[in-house]
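Structure record follows, encoded as structure tokens.
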Amino acid sequence: MQAYSTTRSPAQKIVSIFKSFDLTFYIGLLLVLLLVVFGALGQFFIDQRDIRLGASSFSSPPSAEHLFGTDALGRDLLTLLILATPTTLNIGVVTAVIATSIGTFLGLVTGYFRGPLETGIRTLIDIMIAIPALLILVSIASFLPSSNTVIAVILAIFAWPFTARPVRAQVLSLRERAFVKLSKLSKRSDFEIIFFDMLPNITPFIAAGFVSTVSNAILAAVGLQLLGIGPIDEPSIGLVLQEAFFASAVFRELWWWWIPPMIMLSMIFIGLFLISLSLDRIARH
Amino acid sequence: MYSRKLSMLLIVLLVLFQAFLVSGQDVAREETLIIGSDLTSNVAADDIFNPYLPAVQRSLGMAQLMEEMLFYTNYETNELMPWLATGYDTSDDFTEYTIHLRDGVKWSDGEAFTADDFVFTINMLKTNPTLRGAAGIERAIASVEALDDLTVKLTLNDPNPRYIQQSWAVRISSSPPIVPEHIWADKDPSSFPNFDLDKGWPVFTGPYVLTSSSQDQRIYNRRDDYWGVETGFTDLPAPRRVIVATAGVDEVVGARIQNNEVDSLAALSANTLVTVQSRNPNVIGWTDESPFGYTDPCPFYLEFNTTREPWDDPKMRAALSYIIDRDLVANIAFEGQGMAAQFLFPAYTGLMDFLDSLSDEFAASAYRYDPEASAAIMESKGYTLQDGVWRDGDGNSIVIDFLMLGFNIGPTWGRSIQILSQQFEDGGFEVNVSDLDFGPYWERANQGMWGVRMAWSCGSITDPHTTLSNFHSDLVMPIGETASRNFGRWDNPEYSALVDQLGQMAPSDEGYFDLAREAMTMFLADVPAIGLQQQLRVNPFNTTYWVGWPTADNNYVNPQSWWSTAAIIIHTIEPAG
Amino acid sequence: MRTPANGTRNLLQSADDRDTILSLNDLHVEYASATGTIHAVRGVNLDIRRGERFGIAGESGSGKTTLVNAILRLLPETAQISAGSIHFNDIDLSRLDNRSLNFLRWSRIALIPQGSMSSLNPVMKVGHQIAEVIKTHEGKRYNKDVRDRIERILESVGLDGRVLNLYPHELSGGMKQRVCIAMAITLEPELIIADEPTSSLDVVVQRQVAKTLIDVQERLGASIILIGHDMALLAQTAHRIAIMNEGELVEIDNVREIYHRPRHRYTQMLINSLPSLEHREERDIPPVARADGGATPLLDAQAVTKVFGYKGHLFAKSTEFTALDEVSIEVTGDFPMVTTIAGESGSGKSTFANIVLGFAKPSGGAVYYRGKDIARQSRSEFAQYRREVQAIFQDPYEIFNPVYTVDSLFRVAVKKFKLARGNDETMALIEEALRVVNLSPEQVFGKYPDELSGGQRQRLMVARAYLLKPKLIVADEPVSMVDASLRLMILDLMKSLRDELGTSFVYITHDLATAYQISDQIIILNRGKIVERGTPEEVIKNPQHPYSQSLIQAIPSPNPDIKW
Amino acid sequence: MRLPVSYIAKRFLSFVVVVWVAASVNFIVPRMAPGDPIGAMVARMELQGEVIEDSAELIAAYREKFGLDGSLWDQYVSYLTSAVQFDFGHSLSYFPRPVSDIILDALPYTLGLLAVSIIISFTVGTLLGALIVWLKIGRSGIGLVAPLLLLGSIPQYLLAIILLFVFSFALRWFPSGGAHALGASHDFTLANFIEVARHGALPIMSIVLASAGGWLIGMRSMTITVTRSDYLTLAKAKGLSQLRIFYHYVIRNAILPQVTNLAIAMGSIVGGAILVEVVFTYPGLGSHLLRAINNQDFTVIQGMTYTLVLSVASAVLIVDLLYPWLDPRINYEDQ
């Protein structure tokens, strides 16, 4: 009796979802996971005292004692980078969580309903997208308390329209599909339709959007950090780079100071890019 | 066949381009002096040459090449070098100064430089309070008059034995330049840009005239009708052309001097200089070895807000002073090439001699790294160390409300924030850092909204009075109101009385140094501020095209290329080879 | 070279070489797909004669479009001709190099594409799109002469010559199709391949376009291959018809033979499933159902008007459009009936369906369900209305949410209407509904929509409607996109629901032939207005309104003997 | 192409709203922040070694001079009215230099840099994206463009630093910064032109390398869509030449969403370019803006951001107005 009535189990679903991803996705995921593991597991192998200023000799190249060398302030770069990785990833994730939540909600609502509120939000989205965010950000960020959370929140304020717009476009087309009408005939309310019928359909879109928001937020945060806007008490990859550039590490050929963080950032950006590329492909299918 | 034709064409084009490139420069590189300015980014005001407007960038050649000062102070010898003036007399009470101007000095447009120009400049500043430095002139000078074409009499409001040195002899960076009355008389000085190349403006007395000015560079050409040659006072400087260019961001400047693109840079980190020297041995610093740099007159120091708990207690201030390892702070800030400041004085000969005479007083003071002494004070105040933090009976810790400039002002600041925070925490204090931009920093600093701050002290050069006077009780303002000095509101009437007394005396006066020692002892006992580190400025020179640069071995003048005193350097250097 | 137009000559003779323009010999086409190789065309042998209109009929997926693409060598990357040959005159197209192929294309073999809506370059003016074939094949630039020539060609297919200055989106569907025909005949080719040339058009336009096509073909004396799924249309246009099923030609014959004496079972099925306008099963309708007044009608639409468009704001002029204009329709509940609302696209019939279902609000008038205005129902009335008024939709691909298995369609309904308690009871209910549409739970449960065939999906939708045992079903074009065989089944299901469950239907369609077969009442809408209403016999056999007349005339009869 | 008045009016209205919102944000936020710009100015003089006497007086005098003593609303109104006339008053930190002069000095560099890099990156990316699909460059083609894609995922400013290191420090092919050779006049001569091109090469390269990949991806997927379209099949059936199909069918249709995206991306391109300018000491708006931020030079920040927003919005407006010419289907009512 139950043999045929079983829908796919959650486990099977997850397996089938992962089966639908291509190699691009896994390469991207691998790159990002490597960094996550580096930041997470690394915590267990380090001694916080190694990043005290003047703890080691200044600007010494990689050695057995300091695998990644030390910076011009006498800090162990491996320890510093292990501590910096979670901060940097956090900014991206916090921004993306806020922006994606707001963007998805408003995108769903403005795509589904009609009315003056919808017109208002739609206009807001259009305007926000047309405003050069980084520019405004650069000019206002220096006036705000320098904390990574504050930066993430500001980034999210400018990022959500980029989620809301495509979500809205998707909902606009889904809204006309017959299954929405059938749901209505089954007495589903508008919000049930939005969340049970629409939302699952645009999940790949939201996921792709989430991933690129993470990437863009890190991009912007590192950019701000390089301009000297951002907190200096929390180690982040942007901060390590900023200190390296302030100390002319490139010119002075202190390659161990700027190349590893640069590679790490590239890993993040390339990894997230590959993931979003793959998700985007799934979403368009 | 076709590709061969194409490559021939390319070669011809390249040769043509090369020809164009060469013809682009009408003064040979060997005769051109290129100075990398003290600015990392481009100049916003490339058409403002009014030295009294906030927008002006005098360090971009104006101060060194066009303006000339009445006197220059040679930091190396503490000697006053008369230039546009020949000397001065002073009344016994130090309230009247008579300045004698040099005969035969001419403006670049051929008009004679006279006492009237001097008088005009002073009066212009006295009547236009928003001009740069006007407030200082107004405060100091009661009246000015020209006794004859070459003699000016200044009457001061308050007696000041070191007035000329402080105000007219390049105490720090520069002094007010005198402007030609025949051009400025009918202009509004608060908006006159003093820039019109067709009219030959700006007009000053120096050996160079401005030929072009843009965001990223200024070009000055030597004029052969310079008054110094006619009067036999000095020769023409050797460079036919001087270019002052924006140096660029930290990563780029080193490459510029290494590639002989510039002959001088305003700033480079000592370690970058080492890198440059390893690739281009022609580049030199002030010294051949660490610290390579020259001491800036404004050392960094820590100041306490003496109206705030717990810093209203000298013992507590001492407790904090004991936990600061100045050598480490200096070395972190300057990547191992730093120099700790014993006090708030720059490491100049006269001041160092004075400090040396105070060695016993220093030994008895809190001006040293001694965590145990700090712990002793804390325990005596009823604090106990719990998990590395001092807590009072109620379990409250001390949180230092630490005001700093944001690290985008410069790496020194960012690093100092980190190393000082680290040391405070090691010493059992908690820290709450406010690293702010200039605006908010300045507002909070002068209104007293902070507990401890890091600042720079531009005071004494030759004798201790100026720095000491910055902590005078008269300067104390209520919290929330803008103070102009003594932001820590240290109120010590006894000390202030001594400073007043010192102000009436010349350093050469008998008993001056004893009095100064007495004031210093009070200062050291009360700890309103703690010296941290010398600002070491490495300004490298390139000997590929020009030689005769000032160095520690050839210290005919201090080496800052952006100061007015750089005029002396330009008059001294000679072509290499 | 060209033989004069003589369409009916030699129809019954076997093709001899001289008369054959196109000859396919044992043609095989294979697709490589993720699941393996698909044989889309299997061993097709075919000879097309000069001047002949040759029809290829088949349901979707039968391989007819692949066949066309193989002839024109337009197969996608993944497909290839695995065996056989295509001889055009004496040239083997399957082995021709690209250069010669391009030379031959259009100047000698032209194509009238399937999706004329999307076959024109949207960013190029119509004139240029025609001119570029002249430029490519004759080397003539777009000058006055060429323009005149294009205008003449456009006029010859019944278009205003000035159309050449328009972009495709500025044309109606019929006009676009004519542009495609004009383009195809520009170079006077010997062979025209028309791939479902009228499938997206309304019947009246379809007839005009088909006539135009026949007209130009006869004028040119060209051969034409007509691909289609509509047997009736082919019966009216082609001389010979080939029936294609699963990649094979199962029967080739003269059109009359095919209609009157189909030999292959598949052909027979196709012919039998055709709705006829000649006779229908009569059904006794008690007079009470026809009488006005009496009991409250189940559904009563009174002067329903719907106006779309902007009221005209700051920068835009008012662009109002009246989709429904005082439409009054009554459906009794006492005696279940099928009420057909028929009309062409844009007639307002779907708007009406949306209003009845409560998806849209009328701008004027009201729809009463059991005497209550559906826009002003109380909560409990609304619950009853939702329960009793259901729908069947057109597109079997869009009725399912692709992220859920198809059973969710049923479960949601069961849950929201509290039809059952517990899983077992739910399952029993669903199974019962599936049985009605001849599906077993094993076939469909736990499957995603894309794992089911179109027919299964369409049947599931009917099953869902059955599950709720509604009083009224709005069937919005339920069979317009399905193959003939399935169409018959759905219509039968509707009938049995009507008769067994007592469900009334509002059948929205553009297909008067099916309406004639299934309805008890037909209402014809034109531009939002009712122009004709009555019993099927009245409306179909004796239409009063000129619009209804033209509509009915335009319906092609599958019987080639009945002239169109 | 005839454009309905309503379309133009709507576009223009949205242009005005965008500029107004950005200008207002820019006005409000710095003023909500702590700190006093005049105080900052005085502080900077102090750091330069000048002893400022009676700073309170000086500050008060300047506050009045810059109208910073009025109510916030008065300041806002006068800010907006002068912004419309492109008059932002004088720079706070470089008084009495007019803000518009600072901007006009720097703007040509920024616009030049942006225009050249956007054109190159858009053209290269779009063309490559279309070509790899059209020429059916499969896996090997990906290998060809993969570096571009990977570079595209690295921020412009990091690329700038890498390029600086490789091409300027290590290889010494290009100058490390600035827009002109040191000591050269700014007259328009061939030699100067070449120097300007040499100085612009690295900044342009960083922007192009960082952004071309994005255009490539977009164009690639659009081209795939187009190659599956019915009209392309018909075009082939018409026996048209490959070149003709590629240009008139593939490119003309696939480029449409790219153009829309160009308008959307304009803002972020400008933001990134500003950072690149800072890295290369390029005399555009970037370094001025950065310094103005450090100086809390409201008037300059406002002027520069306003100008950049205006440029971006104008570019978007132009793209929007040109779009109907590219795509005749544009639906004026829905837009």
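Keep in mind that the numbers below use all heavy atoms, side chains included, and drop hydrogens, waters and symmetry copies. Order of the sequence lines fixes the chain letters, A, B, ..., with proteins taken first and strands second; residue numbering starts at 1 for each chain. In this text, all values refer to a predicted model and were calculated from it rather than measured experimentally.
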How far does [atom1] of [X] sit from [atom2] of [Y], to the nearest 0.5 angstrom?
X: A/Arg52; Y: B/Gln423; atom1: CZ; atom2: CD; value: 8.5 Å
X: B/Gln418; Y: A/Glu243; atom1: CD; atom2: CD; value: 5.0 Å
X: B/Asn271; Y: A/Ser248; atom1: CG; atom2: OG; value: 9.5 Å
X: A/Phe246; Y: B/Thr412; atom1: CZ; atom2: OG1; value: 9.5 Å

Exercise for the section: Kindly say whether A/Leu53 contributes a backbone atom to a donor-acceptor pair with the side chain of B/Gln422 at under 3.5 angstrom? Expected result: yes
Exercise for the section: For atom CG of B/Asp387, decide whether the heavy atoms of other residues, nucleotides or ligands shown that lie under 6.0 angstrom number more than 12. Expected result: no
Exercise for the section: May I ask you to check whether over 12 heavy atoms, not counting those of A/Glu65, lie within 6.0 Å of atom CD? Expected result: no
Handout entry: Residues A/Leu73, B/Arg415; criterion side-chain contact (heavy atoms from CB on, under 4.5 Å); working and verdict
Key = CA-CA 8 Å; A/Leu73 311 182; B/Arg415 293 169 184 170; 3.3 Å; yes
Handout entry: Max heavy-atom pair count under 4.5 Å with chain A, selected residue of B/Asp426, B/Ile332, B/Leu328, B/Val276
Key = B/Ile332
Fill in the blank from the handout: Residues passing the side chain to side chain contact (heavy atoms under 4.5 Å, CB included) test with A/Leu78, sequence neighbours excluded, are A/Phe38, A/Leu67, A/Phe68, A/Asp76, A/Ile82
Practice task
Would you name the heavy atoms of B/Arg279 and A/Phe251 that are closest together and state the gap between them?
Solution key: NH2-O, 2.9 Å
